[in-house]
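In each ligand, atom 1 is the first atom listed, and ligand 1 is the first ligand listed.
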Amino acid sequence: MTEVREEVLERISRRIEKVRRAILEACEKCGRSPNEVTLVAVTKTVDLERIRAAIRSGARVFGENYVQEAREKISAITEPVEWHFIGHLQRNKAKYVVRLFDVVETVDNIKLAAELQKRAEGIKKIQPVLVQVNVSGEKSKAGISPENLPELLKFISKNTSLEFRGLMTLPPYFEDPEQARPYFRRLRELRDQMAERFPSLTFRDLSMGMSGDFEVAIEEGATIIRVGTAIFGKRPA
Ligand SMILES: *Cc1c(COP(=O)(O)O)cnc(C)c1O
């Protein structure tokens with residue numbers, strides 16, 4: 001077992017407590033149960049010591065953006081934690097992702113879904129996936145457009161090695177988290193429309209909200225929040 005320095009453990013543990021309290025308060029405010037909200041600790045650029053400190057502080061689900069970086073961490077962490085892929089996924093990385101990750105949150109096109117299906121089938125795995133939606137229409141953002149979402153959902157519903165879990169989004173960055181609210185609301189409304197249109201799919205998760213705006217996302221129905229900075233501190237630029 002690798003060492004975790006006392007001051008690191010204390011710092012990470014204090015921050016996780018603070019995030020958990022904020023989750024609780026956001027849930028109380030809107031009458032939801034905190035059990036409905038999964039905290040994904042985002043560990044891009046975060047070293048193993050801080051990841052281990054987070055595990056010792058009760059974190060059980062982690063998010064990574066890059067396959068190469070994640071591969072080393074996932075093999076080094078022996079505790080039974082869950083790993084979510086939350087970065088932009090290139091098709092040629094699909095074969096690694098299905099071996100490494102419990103959930104892929106960023107499926108945003110049919111060719112990628114087809115490749116994941118093929119690779120999951122190849123290792124006899126049912127791969128849980130979320131579909132990333134670009135609700136803001138920003139050109140710089142990944143995610144499928146709301147217009148093209150039905151076609152992708154239809155494709156996924158026919159692929160037996162993919163287990164559809166729900167929708168994910170990454171709104172534009174705002175200083176004021178209230179400004180992100182319309183985007184979170186839009187994802188929830190899309191979920192409601194799609195659930196009606198695709199009764200064979202289970203829309204379990206809404207992955208939305210990060211360090212700066214997860215309280216607002218919870219009020220709008222988030223079941224997964226992805227929090228990095230508020231737990232691990234600022235990332236190097
Ligand atoms: C980095 C990242 C996060 C975490 O962002 P913070 O602001 O550090 O909480 C969440 N989701 C995605 C997709 C990310 O890339």
Side-chain angles (χ1 to χ4, degrees), residues 11-23 26 37-47 50-51 53-54 57 59-71 73-74 81-90 93 97 100-109 112 128-144 165-181 183-184 186-188 205-237:
R11 189 170 70 238
I12 301 286
S13 151
R14 188 163 11 90
R15 290 199 186 121
I16 288 183
E17 264 318 297
K18 196 172 164 198
V19 170
R20 291 212 181 279
R21 260 198 316 277
I23 293 172
V37 181
T38 297
L39 172 62
V40 174
V42 176
T43 48
K44 59 175 174 255
T45 78
V46 174
D47 55 34
R50 283 180 290 161
I51 296 175
S57 309
R60 287 294 173 268
V61 189
F62 292 89
E64 279 282 339
N65 291 61
Y66 306 103
V67 173
Q68 188 59 39
E69 184 185 343
R71 195 202 314 256
K73 294 177 189 175
I74 294 174
V81 298
E82 191 174 301
W83 294 93
H84 288 210
F85 188 81
I86 62 169
H88 177 62
L89 181 54
Q90 287 161 327
K93 300 279 170 65
V97 160
L100 290 168
F101 287 89
D102 302 289
V103 180
V104 179
E105 294 203 15
T106 48
V107 178
D108 66 356
N109 66 80
L112 174 59
V129 298
L130 277 76
V131 167
Q132 181 175 6
V133 185
N134 182 349
V135 286
S136 66
E138 285 176 293
K139 287 221 166 44
S140 62
K141 284 268 156 61
I144 194 158
R165 289 271 182 92
L167 305 178
M168 177 268 204
T169 200
L170 192 63
Y173 175 78
F174 298 106
E175 279 292 322
D176 173 13
E178 272 305 320
Q179 286 186 274
R181 188 184 295 275
Y183 301 95
F184 296 145
R186 177 89 175 95
L187 193 72
R188 170 164 51 82
D205 285 316
L206 278 181
S207 176
M208 53 190 199
M210 322 202 307
S211 292
D213 55 20
F214 67 83
E215 289 103 329
V216 174
I218 288 171
E219 288 172 28
E220 294 300 329
T223 67
I224 294 175
I225 59 171
R226 308 177 310 267
V227 179
T229 312
I231 295 174
F232 298 108
K234 267 211 178 70
R235 287 181 291 274

### Query
Can you name the residues that form a salt bridge (Lys or Arg N to Asp or Glu O under 4.0 Å) with Glu138, not counting sequence neighbours?
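Expected list: Lys141.
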I need the atoms of ligand 1 closer than 4.0 Å to a non-hydrogen atom of [X], numbered in the order shown.
X      : answer
Gly228 : 4 (C), 6 (P), 8 (O), 9 (O)
Asn65  : 14 (C), 15 (O)
Thr229 : 6 (P), 7 (O), 8 (O), 9 (O)
Val227 : 9 (O)

### Message
Do Val61 and Leu39 make a side-chain contact, defined as non-hydrogen atoms from C-beta onward lying under 4.5 Å apart?
### Response
no
### Task
Write down the atom of Arg165, the atom of Leu130, and the distance for their closest heavy-atom approach.
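Distance-wise, the nearest heavy atoms are CB-CD1, 3.7 Å.
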What protein heavy atom sits nearest [atom], and how far away is it?
atom                    : result
atom 11 (N) of ligand 1 : Arg226 NE, 2.9 Å
atom 13 (C) of ligand 1 : Ile86 O, 3.5 Å
atom 9 (O) of ligand 1  : Ser211 OG, 2.5 Å

### Message
Judged on heavy-atom distance to atom 14 (C) of ligand 1, which of Met210, Lys44, Glu64 sits nearest?
### Response
Lys44
### Message
For Arg181, is there an ion pair with Glu178 - N to carboxylate O distance below 4.0 angstrom?
### Response
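Salt bridge present between Glu178 and Arg181.
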### Message
So, 4.0 Å and heavy atoms of Arg235: is ligand 1 close enough to count as a contact?
### Response
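Arg235 counts as a contact of ligand 1 under the 4.0 Å cut-off.
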### Query
Is the side chain of Thr169 donor-acceptor paired with the backbone N or O of Val133 at a distance under 3.5 Å, no angle test?
yes
### Query
Does Asn109 use its side chain to pair, donor to acceptor, with the backbone of Leu112 at less than 3.5 Å?
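Judged by distance alone, yes, a pair lies under 3.5 Å.
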Return all side-chain donor-acceptor pairs below 3.5 angstrom for residues 82-89, not counting sequence neighbours, or 'none' if the list is empty.
| from | atom 1 | to | atom 2 | distance (Å) |
| --- | --- | --- | --- | --- |
| Glu82 | OE2 | His84 | NE2 | 2.7 |
| His84 | ND1 | Glu105 | OE2 | 2.6 |

